[in-house]
Engineer: 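Just dropping this structure here.
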Amino acid sequence: MNVTSIMTDLERKHPGENEYLQAVREVLESIEETYNEHPEFEKAKIVERMVEPDRIFTFRVTWVDDSGEIQTNIGYRIQFNSAIGPYKGGIRFHKAVNPSMLKFLGFEQTFKNALTTLPMGGAKGGSDFDPVGKSDAEIMRFCQAFMLELWNNIGPDTDVPAGDVGVGGREIGYMYGMYKKLAREYNTGVLTGKGMTWGGSLVRPEATGFGALYFVEHMLAKAGRSLKGVTVAISGFGNVAWGAATKATELGARVIAISGPDGVIYNPNGMTKEKIDYMLELRASNRNIVAPFAERFPDATFTPGKKAWSVKCDIALPCAFQNELNGDDAKELLANGTWCTAEVSNMGCTPEAIATFQQAGILFAPGKAVNAGGVATSGLEMTQNAMHISWSAAEVDEKLHYIMQNIHEQCVKYGTQADGYINYVKGANIAGFMKVAQAMLEQGIV
Ligand code: 2IT
């Protein structure tokens, strides 16, 4: 394999799909050396097949808003790779959703799901529907219209969607309600992230953030450090940021920043239960602003237009959106003494930011390893649904803990360099790739 020639080819076939091309390039650069030690991969054209999704569904979603006006959005489901199990991955509702964004997410999901050790292939879906400012009734009508098209392409052993940016428990509820009505199938395993009274798993809402902090704990322990007393800056204030803030606080760290599209909250005294609960209220308000946090808690201050990375911190946790931390942000963090960055959002850092952290020799771990606890717990939800039982929170949490430890070990195994530095990006990419590639090889040319 030659990364340059494969990328030139992909850029020609998919011009302007920048997020997708960025995600593919990162994986190919990581695996190039290992891949070329395996002539059987080259012979079976594993990479050429793996970078293209199995199939993409695109559909129109038409619905009526509260003022009676007809609205049209585009819906997508990208079934990326089924080598190790049925398609699995979230649904994103965000105004910027397009095929490039969902292809990058589906591609990443394939390797992330492989890292979890559970049998799940990779997928992603979503719509350019913008939930900001929408009423609950509008959200419901949109979710129903979206499922009216999607239902026939998903199923508990086919493709299992879940939440992502803009899709939480409420949206999954509305989608499941419509799915049942259309499919006349009552198997709750068709979606994950469900409510606790109808097949949801305990700890799933918290799992992405909790898992991320378990991963960070292992990463820090390996480096002879701990979370006790360290300062943490978190971007975002949604479900993932909430879980991360909760667990970071519980493990003895001080969460001194959260942020939104409108600016950053500096929170020098750290989080309390009231503050963490308030994050959920902010998210549920559908306004997509973080400023009210400082009105509600006077010991916190709001600065408009600034990112979380402007706050001096030991550990930076991007928890919002792809490419939310760029090269300049990375330099600012380093200048302020940050010694660890763990992506909790998918591809939260630009390639320049990653290079800046790695060249400085600080701890850095990529989203597909750090945030895999979310989909892993979705996998545990599917298991419980298939067995018609539910595990206690302690049981789920223990399994999540074990999975994150295992992912950390896989990263160390494949990512430790000759000089002792652990390249977690390389480690995660090689570990995920090897499993998917081996499965594809054994299943022939399909
Ligand atoms: O990016 C992700 O891993 C998710 N949005 C969760 C996917 C899932 O199927 O739980």
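Atoms within a ligand are numbered from 1 in the order they appear, just like the ligands themselves.
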Engineer: Decide whether the shortest distance between a heavy atom of G367 and an atom of ligand 1 is less than 4.0 Å.
Structural biologist: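 Per 4.0 Å heavy-atom rule, G367 does not contact ligand 1.
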
Engineer: Compute whether any side-chain donor of one residue and acceptor of the other, for Q438 and H38, lie under 3.5 angstrom apart.
Structural biologist: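 No, no side-chain donor-acceptor pair sits under 3.5 Å.
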
Engineer: In the protein, what heavy atom is nearest to atom 2 (C) of ligand 1, and what distance, to one decimal place, separates them?
Structural biologist: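 Looking at atom 2 (C) of ligand 1, the protein heavy atom closest to it is K112 NZ, 3.2 Å.
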
Engineer: Evaluating non-hydrogen atoms only, which member of M120, R204, K124, K368 is closest to atom 6 (C) of ligand 1?
Structural biologist: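 Selected option, by shortest heavy-atom distance: R204.
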
Engineer: For atom 9 (O) of ligand 1, what is the nearest protein heavy atom, given as residue, atom name and distance?
Structural biologist: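 Going atom by atom, the protein heavy atom closest to atom 9 (O) of ligand 1 ends up being K88 NZ, 2.7 Å.
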
Engineer: Going by atom types only, do E108 and N346 share a side-chain donor-acceptor pair under 3.5 Å?
Structural biologist: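 N346 and E108 do not have a side-chain donor-acceptor pair below 3.5 Å.
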
Engineer: Which atoms from ligand 1 have a heavy atom of A162 less than 4.0 Å away?
Structural biologist: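 In order of numbering, the contacting atoms are 8 (C), 9 (O), 10 (O).
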
Engineer: Identify the closest protein heavy atom to atom 5 (N) of ligand 1: which residue and atom is it, and at what distance?
Structural biologist: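 Closest protein heavy atom to atom 5 (N) of ligand 1: D164 OD1, 2.9 Å.
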
Engineer: To the nearest 0.5 Å, how far apart are CZ in R25 and CD in E11?
Structural biologist: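 Atom-to-atom, R25:CZ and E11:CD are 5.5 Å apart.
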
Engineer: Among protein heavy atoms, which sits nearest to atom 7 (C) of ligand 1, and what does the distance come to when rounded to 0.1 Å?
Structural biologist: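 Result: G90 N, 3.6 Å.
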
Engineer: Using a 4.0 Å cutoff against the non-hydrogen atoms of G163, which atoms of ligand 1 qualify?
Structural biologist: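 Counting from 1, the qualifying ligand atoms are 4 (C), 5 (N), 6 (C).
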
Engineer: Please work out which of the three classes, parallel, tilted or perpendicular, describes the rings of F146 and F142, given edges at 30° and 60°.
Structural biologist: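 F142 and F146: tilted rings.
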
Engineer: Would you give the length of the straight line joining atom NZ of K331 to atom CZ of F357, rounded to the nearest 0.5 angstrom?
Structural biologist: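 Output value for this atom pair is 11.0 Å.
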
Engineer: Do the charged groups of K194 and E381 touch, with an N to O distance under 4.0 Å?
Structural biologist: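 So K194 pairs with E381 through a salt bridge.
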
Engineer: Side chain, backbone, both or neither: which part of N346 has a heavy atom under 4.0 Å from ligand 1?
Structural biologist: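 Side chain only; the backbone of N346 stays clear of ligand 1.
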
Engineer: Around atom 10 (O) of ligand 1, find the nearest protein heavy atom and jot down its residue, atom name and distance.
Structural biologist: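 Protein heavy atom at minimum distance: S378 OG, 2.6 Å.
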
Engineer: Decide whether K222 and H408 meet the rule of one side-chain donor and one side-chain acceptor closer than 3.5 Å.
Structural biologist: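 No, H408 and K222 have no side-chain donor paired with an acceptor closer than 3.5 Å.
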
Engineer: Could you measure the distance from the CG atom of L227 to the CG atom of L213? Nearest 0.5 Å is fine.
Structural biologist: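 Rounded to the nearest 0.5 Å, the CG-CG separation comes out at 6.0 Å.
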
Engineer: Quick check on contacts: which atoms of ligand 1 are under 4.0 angstrom from a heavy atom of Q109?
Structural biologist: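 Answer, ordered by atom number: 1 (O), 2 (C), 3 (O), 7 (C).
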
